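Just below is one structure, and these are the notes that go with it.
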There are 2 protein chains.
Amino acid sequence: MAEVSRRSALFGGVGLVGGALGGALAMRGAQAPSPDPGSAPGEGGGAPWAGVGQAVETFYGANQGGIATVPQARLALVAFDLLAGASRSTLVRIMRIWTDDAARLTRGAPGLTDTEPELATVPARLTVTVGYGPGVFEAAGLQARRPEWLAPLPPFSVDRLEEGWCGGDLVLQICADDEVTVAHAVRVLVKEVRELAQVRWVQRGFRRGMGTQALGTTMRNLMGQVDGTVQPDVAGVDVGLLWAGPGPRSGTGWLEGGTSLVVRRIRLELDTWDELDRPAREQVVGRRLADGAPLTGTAEHDDPDLEAVNTLGFPVIDVAAHIRRSRSEKPGERFLRRGYNYDEPPGAGVPGSSGLVFVTFQADPVAQLVPIQQRLAEMDLLNTWTTPIGSAVFAVPPGCQEGEYLGHGLFG
Amino acid sequence: MAEVSRRSALFGGVGLVGGALGGALAMRGAQAPSPDPGSAPGEGGGAPWAGVGQAVETFYGANQGGIATVPQARLALVAFDLLAGASRSTLVRIMRIWTDDAARLTRGAPGLTDTEPELATVPARLTVTVGYGPGVFEAAGLQARRPEWLAPLPPFSVDRLEEGWCGGDLVLQICADDEVTVAHAVRVLVKEVRELAQVRWVQRGFRRGMGTQALGTTMRNLMGQVDGTVQPDVAGVDVGLLWAGPGPRSGTGWLEGGTSLVVRRIRLELDTWDELDRPAREQVVGRRLADGAPLTGTAEHDDPDLEAVNTLGFPVIDVAAHIRRSRSEKPGERFLRRGYNYDEPPGAGVPGSSGLVFVTFQADPVAQLVPIQQRLAEMDLLNTWTTPIGSAVFAVPPGCQEGEYLGHGLFG
Ligand code: HEM
Ligand code: HEM
């Protein structure tokens with residue numbers, strides 16, 4: 001995302017695949033499959049060109065995967081409600097199970113009690129990211145360690161929230177470049193805890209598949225816009241915007257190296273959007289549809305000139321354009337966007353519904369995200385064609401080392 | 001499917017990609033993107049390693065695509081009901097629109113009135129396959145040309161059909177190796193005819209992504225079984241099992257070069273399936289889970305020995321095993337299986353549901369498929385864990401040449 005080398009060749013040649021893939025995905029230490037020039041192409045999953053399937057994201061580490069990870073093609077976000085009577089020890093049990101299974105599945109090994117082990121053989125950069133809703137701190141009797149910001153976002157005037165897409169005590173973000181891998185991981189992780197927690201909602205999402213486009217190409221949403229261009233440099237100078245520090249706002253230290261996950265389910269009103277002509281659609285965002293360049297520039301990554309005016313003296317980028325409104329003068333009001341498209345099919349008289357599973361990561365959502373969402377709610381040309389229908393906030397614990405479990409610093 | 005070279009390397013190296021991909025996908029004349037060694041990797045969609053995205057399945061030809069085509073990673077099957085008052089000329093209009101748009105989209109060009117043209121730039125082997133339900137012949141006043149076999153399948157004792165997954169006047173089968181491509185094609189093709197036909201149901205499906213496994217690897221279903229091993233050789237000696245001839249059973253000739261599409265939506269009872277131990281699960285099908293080899297053999301493509309008995313004198317492959325029951329002594333009772341997994345997430349107290357969008361193609365479903373489905377309904381160990389919940393039959397017209405529209409031989 002932020003620092004992907006746009007010149008890395010994913011499939012540069014048999015002998016290079018390990019190196020090229022490794023380089024391209026090095027952002028968070030992804031391991032490319034070791035090239036095996038001895039085996040004939042087409043024989044077995046380890047053949048070099050099966051690189052997309054055999055690429056592994058390291059599970060253990062200071063931070064969890066699936067956050068600074070180059071976005072995989074597929075997302076499943078699964079929220080759970082704890083069952084009545086859940087306690088701190090329930091949570092430790094869930095965390096031990098998920099940690100163990102996530103460590104296995106992400107390296108292409110079956111879960112501990114996996115009944116379909118053959119479906120686990122294609123890791124495809126699988127990441128499993130665990131997050132805690134407010135209910136976890138209540139159930140565990142750990143309210144004192146709950147980050148101050150961990151609560152539902154305040155209501156915004158644009159919200160049309162549906163209960164079924166909101167909240168949750170726990171969340172799993174499961175991403176991979178292959179849908180069978182995601183489906184299998186979801187099943188294993190849900191099944192293993194079904195006596196302890198029940199699924200509240202599931203949001204599936206997608207981007208272009210790995211290998212269909214140049215690595216590092218910014219995704220497009222279903223409005224056709226280039227979406228995800230401007231991001232904080234979370235691997236560099238903006239690292240503090242992403243990962244929580246030791247301070248008390250994060251719950252007295254246990255969250256250091258963790259972050260927060262905000263998910264907004266935002267429906268797109270594509271039918272009316274499609275009635276706008278292209279210049280009008282470009283005005284709404286302030287960027288060109290063809291290449292995502294700002295209306296004042298020529299290339300996607302050009303800085304927009306918010307002061308520029310046209311011959312009539314009007315701003316080239318409208319005062320209510322999305323990129324003007326979503327940008328703050330305060331450098332702390334930024335966050336990592338890692339969203340996916342969703343597309344629910346129509347049927348039986350019910351119209352289909354498309355949108356964004358808008359996922360962001362930031363050290364402190366109240367300080368970084370809420371002011372921007374508030375600005376957008378007040379004025380944003382995009383609001384006519386977008387409707388937030390779901391909202392949830394989770395605290396994402398740091399990563400762990402082998403032998404530890406996720407959240408040990410909180411529950412242990 | 002049948003004749004994919006299992007030794008073709010999909011990403012054999014920059015200079016070879018055109019050739020290797022072209023060779024591997026040559027079954028129905030797929031065109032690999034032309035390698036362009038002059039352009040730097042990572043710049044633009046035509047870079048050699050973006051092969052998965054730029055690979056094209058030829059639209060025009062004697063047969064429609066998406067049938068003998070090496071199965072793409074993703075499926076959307078969209079059934080439509082004609083609106084009241086639809087006539088022959090309505091159908092000609094729909095066919096002209098769909099033919100024109102399918103020809104464009106499959107080569108990576110936007111639809112005629114495409115409002116999101118940038119989403120059309122990654123063909124990813126897109127195919128669009130059109131089929132007609134019985135209602136088309138009624139609406140067009142062409143009952144005399146309706147193939148004799150074109151009617152809902154007879155009821156089977158195992159059926160628990162839900163109306164919402166059955167029937168339809170028209171069907172579009174949309175397949176590609178990328179989900180954004182599929183979502184965009186569905187939207188364009190549905191939108192273009194919304195004054196003429198409304199969506200009845202949509203079935204999405206998936207297999208492993210292109211590039212995650214050796215090309216030619218047989219898919220696995222969500223029970224973990226290798227599924228799709230034994231297929232008629234439709235590119236060779238069994239060609240007559242797939243494509244309709246000129247005879248009267250096919251509706252007096254217009255269907256020559258066409259076929260039939262049967263879709264059964266089959267739910268899997270995974271929770272109880274997972275309670276069986278592995279030997280029992282292998283008995284149910286008659287093949288090993290690890291590699292799909294028959295219980296009497298050692299490799300996936302070994303012929304099962306249905307006569308073999310164990311030391312106790314019992315058949316090694318159970319008398320009710322799925323591969324025994326689904327195999328007929330009559331060589332004409334075979335068909336091409338081209339199914340996909342489906343996996344609907346659980347949520348809000350509703351359990352999830354997984355299964356197969358079981359799609360078959362055959363010249364005559366009543367002669368080829370119905371006897372097998374009848375045998376299975378009578379006795380098949382698999383029945384305890386599988387439930388047909390949807391069923392539909394469509395006549396699939398032959399392909400067309402540039403300047404013609406699909407179905408011109410019927411409506412023209
Ligand atoms: C469905 C709803 C939305 C759509 C379709 C959308 C689309 C876009 C697009 C096309 C851009 C320009 C390219 C880029 O830098 O990514 C953009 C930028 C941005 N959006 Fe959104 N957006 C949506 C909702 C939101 C929401 C809810 C927020 C915040 C709460 C947000 C925050 C941002 C930010 C921070 C930027 C970068 C602004 C800059 O510094 O240039 N967006 N969005
Ligand atoms: C969810 C339901 C089903 C599942 C999970 C399933 C699974 C399988 C598996 C694992 C095999 C063995 C490997 C192979 O050759 O593909 C197989 C073979 C086969 N199945 Fe099914 N099947 C299902 C339903 C059906 C139905 C409804 C039919 C026909 C109406 C059918 C027809 C066949 C045939 C013809 C074969 C090949 C038999 C042979 O000649 O060896 N299957 N199936």
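Every chain is numbered from 1 and lettered A, B, ... according to where its sequence line falls, protein lines coming before strand lines. Note that the coordinates shown come from a computational prediction; the quantities given were computed from them, not determined experimentally. Quick note: numbers below take in every heavy atom, side chains included, and nothing from hydrogens, waters or symmetry partners.
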Run the ring pair (Phe, Tyr, Trp, His ring centres under 6.0 Å) test against B:F80 and tell me which residues pass, sequence neighbours left out.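 For B:F80 the ring pair (Phe, Tyr, Trp, His ring centres under 6.0 Å) partners, ignoring immediate neighbours, are B:W98.
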Sort B:M223 into side chain, backbone, both or neither according to what part of it lies under 4.5 angstrom from a heavy atom of chain A.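 B:M223 touches chain A through backbone heavy atoms alone.
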Against chain A, label B:D81 side chain, backbone, both or neither, depending on which of its atoms sit under 4.5 Å from a heavy atom there. neither
Can you tell which part of A:D114 gets under 4.5 Å to a heavy atom of chain B, answering side chain, backbone, both or neither? neither
Please look at A:A290 and chain B and tell me whether the side chain, the backbone, both or neither of the residue comes under 4.5 angstrom of a heavy atom of that chain.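 Both backbone and side chain.
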Go through B:R194 and A:D271 one step at a time and tell me if the side chain to side chain contact (heavy atoms under 4.5 Å, CB included) criterion holds. CA-CA 12 Å; B:R194 71 179 151 197; A:D271 288 342; 3.3 Å; yes
Identify which of A:V190, A:L270, A:V226, A:D291 forms the greatest number of heavy-atom pairs closer than 4.5 Å to chain B.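 Most pairs with chain B among the choices: A:L270.
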Contact list (residues 274-281 of chain B to chain A, heavy-atom gap under 4.5 Å, by number) returns B:D274, B:R278, B:R281
Name the option with the most non-hydrogen atom pairs under 4.5 Å to chain A; the candidates are B:T115, B:L222, B:V78. B:T115
Out of B:S354, B:G224, B:A124, return the one with the most heavy atom pairs under 4.5 angstrom to chain A.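 Top count of heavy-atom pairs under 4.5 Å with chain A: B:G224.
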Which pair of heavy atoms, one from B:R208 and one from A:D178, lies closest together, and at what distance?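 Taking every non-hydrogen atom into account, NH1-OD2, 2.9 Å.
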Test of understanding: with side-chain contact (heavy atoms from CB on, under 4.5 Å), list the residues that count as partners of B:R204, not counting sequence neighbours.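 With sequence neighbours excluded, B:R204 shows a side-chain contact (heavy atoms from CB on, under 4.5 Å) to A:D343, A:P345, B:A76, B:E179, B:V202, given in chain and number order.
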Using a heavy-atom distance cut-off of less than 4.5 Å, which residues of residues 180-187 of chain A contact chain B? A:V180, A:T181, A:A183, A:R187
